[in-house]
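Structure first, then comments.
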Amino acid sequence: MKYNPSEIEKKWQRFWDEKRSFEPDEDKSRPKKYILSMFPYPSGRIHMGHVRNYAIGDAIARYWRKKGYNVLHPIGWDAFGMPAENAAIKNRIHPKKWTYENIEYMRKELASLGLSFSKEREFATCDPLYTKYEQAFFIDMWNRGLVYRKKGFLNWCPHDQTVLANEQVIDGCCWRCDTPIVQKEMYQYYIKITDYADELLNDLKKLENGWPNRVLTMQRNWIGKSVGLEFAFRLDEEGREKTGIEEFKVFTTRPDTICGVSYAAVAPEHPLVKAMLEKGLLDNSSQKRIEAMHRMPVRERNMAEKEGVPLGVYVLHPITGEKIPVWVANFVLMEYGSGAVMAVPAHDSRDYDFAKKYGLPIKPVIFPKEGGLPDDGAYTEEGIVKGCDGFDGLFSKEAIEAIIKWFEKNGLGKKVINFRLKDWGVSRQRYWGAPIPMVHCPKCGVVPEKRENLPVTLPEDVQITGEGNPLDHHPTWKYTKCPECGTDATRETDTLDTFVQSSWYFLRFTTPRRLWEKRAFTKEDTDYWMPVDQYIGGIEHAILHLLYARFFTKVFRDMGYVNLDEPFKRLLTQGMVLKDGAKMSKSKGNVVDPDALIKRYGADTARLFILFAAPPMQELEWNDNAVEGANRFLRKLFDRACKIEPCTTLPQILHSNLDKDEKEARKKVYEALKKSEDVYVERFTFNTLIAASMEALNALDRQQNVQVWQEGMWILLNLLEPIVPHICWDLSEKLFGRNNFGLIELREEVFEVETISMAVSVNGKPRAQIEVAPDAKKEDILELARSAVPKWIEGKTVLKEILVPGRLVNIVVK
RNA sequence: GCGGACGUGGUGGAAUUGGUAGACACGCCAGACUUAGGAUCUGGUGCCGCAAGGUGUGGAGGUUCAAGUCCUCUCGUCCGCACCA
């Protein structure tokens, strides 16, 4: 019989569907596994990255199911977002239609891979039923003070009258109409993720054994906790009178360098600058230069050269009382700390560059324990304080403590913890998103919509042109009554960031469909299913998605909705799929289409290749020839299986009766079985398991024992099922009535051998092989070893002999 | 600049605790069979060398009886963050 993948695959996919084989059991007494591959954006067609993602997740899910676990392995669609609007502009198709059609198509594509999804829990995040709960959560957070409105700067295209995401700004211009973008200040909704900054940082410790180190590092850097001193620079008398401003705050992580301050620097957006501009205290050229700095988007400022303008006002040094000039500097960020810094050119490279450029004094106050200060550049390491009254002789760490204490004692400053992490702006001036469920009332202000009115749904009769906000432009949609007082009011026309949807979708999956109308999820279900035991996805989500999802979990916990600190116990970040050394992309023309591949070779070949070609976390280089090789293995497996006599139980073999090749075959088979535990549970290096299975099949091929063949195939089909399910179900059905899909015990006797082959090396170089009995005495082995390498030891003195049992003998001679 | 990961045959990759480097596969070479095919099977294949042997995990040192694996320095590639005070 010939291996016919398309026939087999259709047959079993239908079988699984009809039997609802992969729906989780509602019996919560069974041990569970929640295996989740990140849900896809319905862009239109699946790509190889998806195939890889879902092949990995499916293998893990199928493994645990076969082990008797209750497995939740769901799929859904991250369905809101800009591509739908872009398609609407380009092809005049409604985003909703476009999205649901794509989902329809991609669902079929994924189905053709034979993935064991819990399909009955599938949903799209643009389903109103999902939006309903998301809006309710948003209101809960608003009521708890976790959501607030604030003016923030956004990329704004004056031509299209729209807000642009950072990635839509190309060289400072709108990606669509090429108009230079401006920074526009608008009201935005923010979620207070910073309230949880410390916990999000500390709890990374709990993930150390389950998450890749680099993801943990990336999150730590992103949160960016720094501890330091906050104090105020008081303006001198003249300055206070001129500007009407008394003082401004600065933050430093290096209070030990405070006596080296030679100027203060403030951001172009700083209130002091604003006040001075308003009062006309700056000359024309200074004004112009400050305005130019201000105009430059913050992202671009870091590329530009350091620039500054002296403000002509002075502050007083809190310790020495010296007068210190204040500068505006383009490298000071308004968003971080207080938007102002104390500048210590001797010990900070940015301050140094700036001081050099403008000829400001450089005063070293920290000296290394050994050696001197650098000739050029700042000394940014720790050292001993010199030239700072009252603190001289202290080492940096002690000086930091002492100086902070001094400030606190004198009421001049305090220890402060700063985070790089900022609150999460969730407003999007777009159509295709979840409407923010708020109402603007002239009497009551901004108030949440009533719960019974949720979801606030999108109007369908809109024209998406890319200009302006369709919700705002809609003739009637935004007009409503205030939920508090009934006055005429307007709806919020902003929609939510799509990251909000992906921050809790994994909780929604725990809810059986019959409860969807009633509840977002229940504690009963989340207590049982959560946390996700294995999460699989691309490294590109290492920071934002994973951070937001962790944050939502903690907020839900504090609102009493879940009993859970961290949502994802283990995380596997898969590598990219490359072709010709580059990421597959249409523009490069190096795309391999999964559909075509499945059509030609079948889903099992696609899955086998993708898991065989590289370990999951590594990049995978596409190779058409190697795909052919994967297919060859399956054909061979099928061919050999067809020659086997069916049986319904695992044959009992008397190992000692077998010949050498038969024993070797059994050994290889059981080695693969042994390996499978480690691979499916711990390491996920499917490539090595597949290699071990190939070795086993090759070894089986070198002998003819009927029972050894039966046993070998029984085991191989069992352990390959998670990787190539269709062929394994088909052959298992024919040969073993699928009785081989249960637990298989290891047979230790197959690992026992009559002789062990050991290497003999002389001075570390391998010179000969010897065969010894497993129970041979040390002296006998050494004797044999010496006699095996006469050429290398004759006439020399044996200094030492090292025996590594079962592996080698090393003879050291001189 | 800071942080991280990775460098092993012609290629993808194995080597879990320091113990015979190159498993498995692709490619290539030779052969068999053949309805002459991009099928299947057998054998070979790190490099140099006729061989004995030498040499070999980016490079240079070091620790060790023994290093792909541990340490120091260095080069390269990729990724993340990027004036974060």
Side-chain angles (χ1 to χ4, degrees), chain A residues 212-222 224-226 228-229 250-254 257 265 267 298-299 301-306 329-333 335-344 347-351 353-354 380 418-422 539-540 542-543 575-576 578 581 609 612-615 617-630 632-633 635-636 639 675 678-679 682-683 685 687-698 701 757-769 791 799-813:
Chain A
N213 254 324
R214 66 167 174 155
V215 176
L216 296 174
T217 311
M218 281 160 86
Q219 293 224 346
R220 280 192 190 105
N221 292 343
W222 188 262
K225 179 176 179 171
S226 57
L229 169 70
V250 296
F251 173 72
T252 177
T253 54
R254 292 293 302 270
T257 65
V298 176
R299 305 185 114 233
R301 280 185 211 169
N302 58 22
M303 317 287 255
E305 204 188 323
K306 293 203 172 27
N330 65 342
F331 68 89
V332 180
L333 305 171
E335 307 95 84
Y336 190 77
S338 53
V341 298
M342 65 175 214
V344 186
H347 303 298
D348 182 289
S349 45
R350 295 157 301 181
D351 300 344
D353 294 346
F354 193 84
T380 58
N418 246 307
F419 291 95
R420 206 193 79 106
L421 181 71
K422 283 181 269 170
I539 187 75
E540 65 272 22
I543 297 173
M576 280 194 308
L578 309 177
F609 168 74
F612 181 54
M617 20 287 181
Q618 232 169 82
E619 286 179 341
L620 182 152
E621 174 68 31
W622 195 263
N623 180 337
D624 289 325
N625 284 320
V627 175
E628 198 88 41
R632 196 174 303 150
F633 172 71
R635 286 201 309 263
K636 184 167 161 183
D639 174 76
K675 194 172 194 68
D678 192 30
V679 167
E682 283 299 325
R683 282 160 53 88
T685 48
N687 54 328
T688 62
L689 177 60
I690 295 164
S693 304
M694 287 172 168
E695 280 187 70
L697 188 61
N698 290 343
D701 235 1
S757 165
M758 288 175 69
V760 183
S761 53
V762 181
N763 289 344
K765 288 191 198 299
R767 297 299 184 188
Q769 291 280 322
K791 194 174 160 186
L799 296 177
K800 209 173 186 179
E801 286 166 326
I802 291 115
L803 179 105
V804 183
R807 308 222 77 134
L808 59 72
V809 176
N810 189 19
I811 303 171
V812 186
V813 298

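Being a predicted model, the structure only gives us computed values, none of them experimental. Per chain, numbering begins at 1; letters A, B, ... match sequence-line order. No hydrogens, no waters, no symmetry mates; every other heavy atom, side chains included, goes into these values.
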Partner of G68(B) under the Watson-Crick or G-U wobble criteria, both distances under 3.5 Å, comes out as none
[atom1] atom, [N] versus [M]: distance in rounded Å?
{"N": "A15(B)", "M": "U57(B)", "atom1": "C1'", "value": "11 Å"}
{"N": "U69(B)", "M": "A82(B)", "atom1": "C1'", "value": "34 Å"}
{"N": "U40(B)", "M": "C50(B)", "atom1": "C1'", "value": "35 Å"}
{"N": "C70(B)", "M": "U63(B)", "atom1": "C1'", "value": "8 Å"}
{"N": "C79(B)", "M": "A66(B)", "atom1": "P", "value": "40 Å"}
{"N": "G12(B)", "M": "C78(B)", "atom1": "P", "value": "16 Å"}
{"N": "G27(B)", "M": "G38(B)", "atom1": "P", "value": "13 Å"}
{"N": "U8(B)", "M": "G58(B)", "atom1": "P", "value": "6 Å"}

Within this structure, what is the [atom1]-to-[atom2] distance between [X] and [N], rounded to whole angstrom?
{"X": "Asp348(A)", "N": "G1(B)", "atom1": "CG", "atom2": "C1'", "result": "12 Å"}
{"X": "Arg420(A)", "N": "C2(B)", "atom1": "CZ", "atom2": "P", "result": "17 Å"}
{"X": "Glu335(A)", "N": "C83(B)", "atom1": "CD", "atom2": "C1'", "result": "12 Å"}

Discussion item. Has Arg350(A) got a side-chain atom pairing as donor or acceptor with Lys306(A)'s backbone, closer than 3.5 angstrom?
Written reply: no
[N] phosphate, OP1 or OP2: any side-chain N/O from [X] under 4.0 angstrom?
{"X": "Asn625(A)", "N": "G27(B)", "answer": "yes"}
{"X": "Arg767(A)", "N": "U20(B)", "answer": "no"}
{"X": "Lys765(A)", "N": "G54(B)", "answer": "no"}

Syn within 90° of 0, anti beyond: G56(B) is anti
In terms of heavy-atom contacts, Lys636(A) and Leu697(A) come closest through CG-CD2, 3.9 Å
Pair Val341(A)-Thr252(A), side-chain contact (heavy atoms from CB on, under 4.5 Å): steps then yes or no: CA-CA 7 Å; Val341(A) 298; Thr252(A) 177; over 6 Å; no
